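All of these numbers come straight from a predicted model, not from anything done at the bench.
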Amino acid sequence: MNHKYQLPKDGGLAKESAPKDIVHRYERMPTKVFESEYQGVQYIADIICRLVRNHSENASARDIYEELPPFVLGLTTGRTPLGLYRELVKRYHAGEISFKNVAVYTLDEFYPIKRTEQQSRNYRIHDEFLKHVDIHPDNIHIPNGSIPESIISEYCADYEKAIRKIDLMIIGMGEDGQVGFNEPGSYAKSPTRLVELSHNSRKVQSSQFYGLENTPKMAITMGLGTIMRADRIVLMAWGEEKAEAVHRVVEGVVTDLIPASHLQLHPAIEVVIDENAAEHLTREQTPWLVGPCEWTPKFVRKAVVWLCSKVNKPILKLTYNDYIENSLGELLEKCGTYDKVNIRVFNDLQHTITGWPGGKPNADDSTRPAPSLPYPKRALIFSPHPDDDVISMGGTFIRLVEQHHDVHVAYQTSGNVAVHDDVVLQNIDTARELGLGDTYNEVCQLIASKKRGKPEPRKLLDIKGAIRRAEARAAVRSFGLNPDTNAHFLNLPFYETGGIKKGALTDKDIEIIVKLLREIRPHQIYAAGDLADPHGTHRMCIEALLEALERTKDDDWREECHMWLYRGAWMEWNLGMVDMAVPLSPDEMLKKRHAIYRHLSQKDIVPFPGSDTREFWQRAEERTQNTAKLYDKLGMAEYQAIEVFVKMF
């Protein structure tokens, strides 16, 4: 299904009236920005289909006895190309493209690794793409991760020689600007070779290997020099986690420290990204520096908040010169004098603050984010994993319960793969000590039966799922919610693969959510609005919810329903976007922290901690405290912490 999740647009660069050269004047490579990954994928798939067809058609004019060389397609691996692979398979089955005369050379492979291991690039590209199309096996060229180390240098040299010509190279990019496994520091003319992976790259990859200790320390990769020999290159990136890298690659200088920046020197390079990956580009982040803009109230607020950070002043202290000297003269031309703009934005931002996220009964709600009626409201919080609710909006959750709204929480996935085996043994040992049954040795055998790269045994996953359900129930019970009636565990099927790689969303996932929506008939919906990897769990969860809402759009309860988006543990909404800000007192912060504590399996020994080694409560508190400091610096009241939300509808 097509991706539906996009944030509401509000103002920005007036691209229709701005000359193309002005829009792109900060960019050192041709860059196309699409609303979503889906649209970007369509564009790239069109290029591939067109070039492959042209190759075949041009060959028809050749001498009948002259052998037609295959069209050579270089392909990246990992998560970035998943949508493209699915689209190419779809077009193949529709008869729009044939791969009979296409040769594929892939970019990289872990080392050492067997091609049969699910984490290998070889396995994944076959599973996701090659086995579904009519490409000839002899035309598939993938680095062999099981070559003996004694001959690896010769093997890499032979792979390099085999790549005599690449007609089209499709590549992705890492968060540090890596291309393939060309780490920061790789030189511009590097060939195919064995490289040592950086600690950060291994941490990024560790989730699919079930921990850093199982993650390979080396990889085989095409070199930058190999890639630069391609006739044409398309560099693609999706999701906000790539935004900073995209900014440095597209607008920064060429440097070995950002390997993808060398692509600026290629004569036929094109960057294709979605809006989330583009958010740090000048035309998206500060478009008033680029050209004429559409000055809606929320966009004016975004510009003024930026100006405050630029000159280090609160809103009401901004001067005429501050606006003029920082390229915001057009804002004053369109919206009035600087002092009127200051007051308008100050009031606008102040009106986002409310201690009543469900609406304050018997109050004038003309300037409040949430309407006062009906009261009490039915609120439904969607949590992708069994702890996102309390980590990301725990204070607001507690406030809704204490203000006597009918609050429900729906845990969309089981989160079972994120439970460490030691946590399982501790829980089973506790049951044994209490005399509730002795299955300790049986569970030990289950854990011992796990095979690297294979899904975990279902019985073990069921135990892990039960642990996470009990933790979620304890968390909401700690602040007065009845988990028997108001906590709903959806266990969406797309997640239940037993491994890190998840399945595609299907009608089964959507209908589970539809059923719950129609059962509760909520007045308010809260959901995780993350803008990261389109194939990550959080994004898939909100895509499933939006599809369910599409299917219920004609239900009568939808007329009074509003949807609020919160962020995950690592990121926060830009204040220019915020529609509701819920301040938390020190006591409420403590209640939220204690609710997060109930998720014991996610403390200290989380299997996939990412690059941030702090515990979730620490990340959550720092994020909400920083938000409160930003409001304070802008001239608002000083609070201990603030949770913020964007209104979807």
Backbone of His24 reached by a side-chain donor or acceptor of Arg283 within 3.5 Å: no
Stacked cation flag Arg558 on Phe649, 6.0 angstrom / 45 deg: yes
Polar side-chain atom of Thr352 near backbone of Val578 as donor-acceptor pair, under 3.5 Å: no
Where the side chain of Asn182 meets the backbone of Gln178, is there a donor-acceptor pair that is under 3.5 Å apart? no
Among side-chain atoms of Thr77 and Asp108, is any donor-acceptor pair under 3.5 angstrom? yes
Please assess Tyr639 against Tyr631 for the test ring-ring contact (aromatic ring centres under 6.0 Å, His included), listing each intermediate value before the final yes or no. CA-CA 9 Å; Tyr639 296 101; Tyr631 267 86; 8.0 Å; no
Could you tell me whether the side chain of Ser392 and the main chain of Asp389 form a donor-acceptor pair under 3.5 Å? no
Judged by atom type as modelled, is there a donor-acceptor pair below 3.5 Å linking the side chain of Arg378 to the main-chain atoms of Gln524? no
ring-ring contact (aromatic ring centres under 6.0 Å, His included) assessment of Trp288 paired with Phe299: CA-CA 10 Å; Trp288 45 86; Phe299 187 67; 5.6 Å; yes
Asp507/Arg551 under salt bridge (Lys or Arg N to Asp or Glu O under 4.0 Å): CA gap, chis, key distance, verdict: CA-CA 11 Å; Asp507 279 343; Arg551 296 183 188 187; 2.7 Å; yes
Quick check, are the ring centers of Phe645 and Tyr526 under 6.0 angstrom apart? yes
Look at Lys298 together with Asp348 and state whether they make a salt bridge at an N to O cut-off of under 4.0 Å. no
Check Arg28 against Val253 and note the closest heavy-atom contact, atom names and distance. NH2-CG1, 4.2 Å
Can you tell whether the side chains of Arg344 and Asp339 come within less than 4.0 Å, N to carboxylate O? no
Ion pair present between Glu240 and Arg567, side-chain N to carboxylate O less than 4.0 angstrom? yes
Could you measure the distance from the CG atom of Leu13 to the OG1 atom of Thr282? Nearest 0.5 Å is fine. 11.0 Å
Intermediate values then yes/no, salt bridge (Lys or Arg N to Asp or Glu O under 4.0 Å), Arg25 and Glu251: CA-CA 9 Å; Arg25 66 193 178 104; Glu251 295 187 355; over 6 Å; no
Could you tell me whether a side-chain N or O of Glu96 sits under 3.5 Å from a main-chain N or O of Leu88, the two making a donor and an acceptor? no
Between His405 and His523, is a ring-ring contact (aromatic ring centres under 6.0 Å, His included) present by the stated rule, with each step listed? CA-CA 10 Å; His405 295 284; His523 300 105; 9.2 Å; no
Does the side chain of Glu643 pick up a donor-acceptor pair with the side chain of Thr624 at under 3.5 Å? no
Hey, does the side chain of Asp530 reach the backbone of Arg539 with a donor-acceptor pair shorter than 3.5 angstrom? no
So among Thr255, Val249, Val254, which one has a side-chain contact (heavy atoms from CB on, under 4.5 Å) with His262? Val254
Donor-acceptor contact present, side-chain Arg301 to main-chain Val345, <3.5 Å: no
Is there side-chain contact between Glu270 and Arg232, with heavy atoms separated by less than 4.5 Å? yes
Check the pair His280 / Glu284 against side chain to side chain contact (heavy atoms under 4.5 Å, CB included), numbers first and verdict last. CA-CA 6 Å; His280 288 179; Glu284 299 291 336; over 6 Å; no
Side-chain donor-acceptor pair under 3.5 Å between Gln412 and Ser383, yes or no? no
Strictly by modelled atom types, are Trp295 and Glu330 linked by a side-chain donor-acceptor pair under 3.5 Å? yes
Note, Met636 side chain near Ile353 side chain (heavy atom, < 4.5 Å): yes
Run the salt-bridge test on Glu560 and Lys377 with the 4.0 Å N-O cut-off and return the result as yes or no. no
Side-chain (Arg623) to main-chain (Met571) donor-acceptor, under 3.5 angstrom: yes
Can Ser36 and Asp274 be counted as having a side-chain donor-acceptor contact under 3.5 angstrom? no
With side chains defined as the heavy atoms from C-beta onward, is the minimum distance between Leu281 and Glu27 less than 4.5 Å? yes
Salt bridge between Arg91 and Glu87, side-chain N to carboxylate O under 4.0 Å? yes
Is Arg521 paired with Asp555 through a side-chain N to carboxylate O contact shorter than 4.0 Å? no
